[in-house]
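Structure, as structure tokens:
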2 protein chains.
Amino acid sequence: MKRNSVANQPAGATPLSPVEVEVIHLFVQLSRALGQPPSVAEIYGLLFVSPHPLPQDEFYDRLNLSKGSASQGLRYLLDLGAVRTVYVAADRRVHYEAVAELRNLAGRFMRQQLLTNFEDSGARLARIAAEAQKLDGEERKHVVSRVKMLQSWEKNVKRVLPIILTVLGGRNGAAR
Amino acid sequence: MKRNSVANQPAGATPLSPVEVEVIHLFVQLSRALGQPPSVAEIYGLLFVSPHPLPQDEFYDRLNLSKGSASQGLRYLLDLGAVRTVYVAADRRVHYEAVAELRNLAGRFMRQQLLTNFEDSGARLARIAAEAQKLDGEERKHVVSRVKMLQSWEKNVKRVLPIILTVLGGRNGAAR
DNA sequence: TTTATCTTTCATTTCTTATTGAACAATTCG
DNA sequence: CGAATTGTTCAATAAGAAATGAAAGATAAA
């Protein structure tokens, strides 16, 4: 069966309500901006509106994605800390609920994202600086100044990140 | 000819120096984190280290990408404001140079990125809020609180963005 | 005007990433 | 112990994104 956006559930599954559809859309949109796969966004979106913890089959029945996607997507969200498991009495299935505190979410996401792609940027910058010394005259002057610029960028970004997290967390999103 | 990373220039083109290679790597890495195509990162990286403005053929000769990619990539960077054109006397070709102020770069990039994916999120939130009123009892209560949470998130993000830009710009990257 | 140079466009191809689904655990129930 | 239910893994496939290259525009020089 093909993934035709959010549509045609298998017989017996409760179709998505209009609110659910809208909220899921919102998260899918967000996922594009953040470079995350849509299936993950769908899963998180559904969990986010749901008043109860949900078991895995809810996801592949109602969002009609494959077992595999549901399993992988949930594991990814678990690792990210965007979702937690909940024990439900008299039910064998593992249930999930959304972790919705913006500070945690944003923080973990950034860490994951930046660490994955960035670990060695400092080392690389040092290597570049060293290489630059081998150049001569005008060119060296220019390259050295560019490298300094990059180092300054790095420092700035490192300075800004904690601030972002603080501000995001300060008055945070707990609706009351 | 296939794109085999940064390698085999056509005969006659100056091969990339070690410094250039490293700097380009750095930008390609960054581009992954930001979800930008590698070819664009290569172009910007080369321009960033270059002490002179460069014409288009430099890009497809030395980075060996196609004319098409060079043209499109440069246009993209121009639109973003990450690159500007430079007039060079007695040369018919348009030359390009990098715009390297972090504040401008980051600002424009965020604006472009967020506007593209986000324009209507406010409207969508309003629609969701309206839909939520149609629900009843417990469920409505929960959905309404979630919607409030989303609205609060949106507000927080809008509040944080200008701060980020200010801090990035404050002591900015002009090497001296 | 004709020719040469430089640039853009866009249908096609290639490459990357996300998703599927069938096979294989693992667990609980009868 | 099976049998049924739940969950994971991973090779194969599909969907999507980026890059190519050939053709067509522009512009300038001869």
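A, B, ... follow the sequence lines: proteins, then strands. Residue 1 opens every chain.
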In whole Å, I'd like the distance from the [atom1] atom of [X] to the [atom2] atom of [N].
X: Y60(A); N: dA18(C); atom1: OH; atom2: C1'; answer: 19 Å
X: Y76(B); N: dT8(C); atom1: OH; atom2: P; answer: 17 Å
X: E42(A); N: dT19(C); atom1: CD; atom2: P; answer: 8 Å
X: N64(A); N: dG21(C); atom1: CG; atom2: C1'; answer: 14 Å
X: D57(A); N: dG21(C); atom1: CG; atom2: P; answer: 17 Å
X: Q36(A); N: dA18(C); atom1: CD; atom2: P; answer: 8 Å
X: L74(B); N: dT7(C); atom1: CG; atom2: C1'; answer: 11 Å
X: E58(A); N: dG7(D); atom1: CD; atom2: P; answer: 12 Å

- prompt: Could you state the interatomic distance from NE2 (H95(A)) to OG (S50(A)), rounded to the nearest 0.5 Å?
  reply: 9.5 Å
query: Would Y76(B) and Q36(B) count as having a side-chain donor-acceptor pair, cut-off 3.5 Å?
result: yes
Counting only side-chain N and O atoms of [X], is one of them less than 4.0 Å from OP1 or OP2 of [N]?
X: R75(A); N: dT9(D); result: yes
X: S66(B); N: dG21(D); result: no
X: Q56(A); N: dT8(D); result: yes
X: S71(A); N: dG7(D); result: no
X: R32(A); N: dG16(D); result: no

task: Pick base, sugar-phosphate or nothing for R92(A), based on heavy-atom distances below 4.0 Å to the nucleic acid.
output: base
task: Measure from NZ or CZ of R84(A) to the centre of the six-membered ring of Y96(A), then state whether that distance is under 6.0 Å and the direction lies within 45° of the axis.
output: no
Just compare [options] and give me whichever is closest to any side-chain atom of [X].
X: S69(B); options: dA19(D), dA18(C), dT8(C); value: dA19(D)
X: P38(A); options: dT17(C), dT8(C), dT19(C); value: dT19(C)
X: S39(B); options: dC10(D), dA19(D), dT8(C); value: dA19(D)

statement: Comparing nearest nucleotides in DNA chain C, the 5'-proximal residue of the pair Q72(B), K67(B) is K67(B)
query: Under a 4.0 Å N-O cut-off, is there an ion pair linking K158(A) with E154(A)?
result: yes
- request: State whether the number of non-hydrogen atoms from other residues, nucleotides or ligands found under 6.0 Å of R124(B) atom CZ is greater than 12.
  value: yes
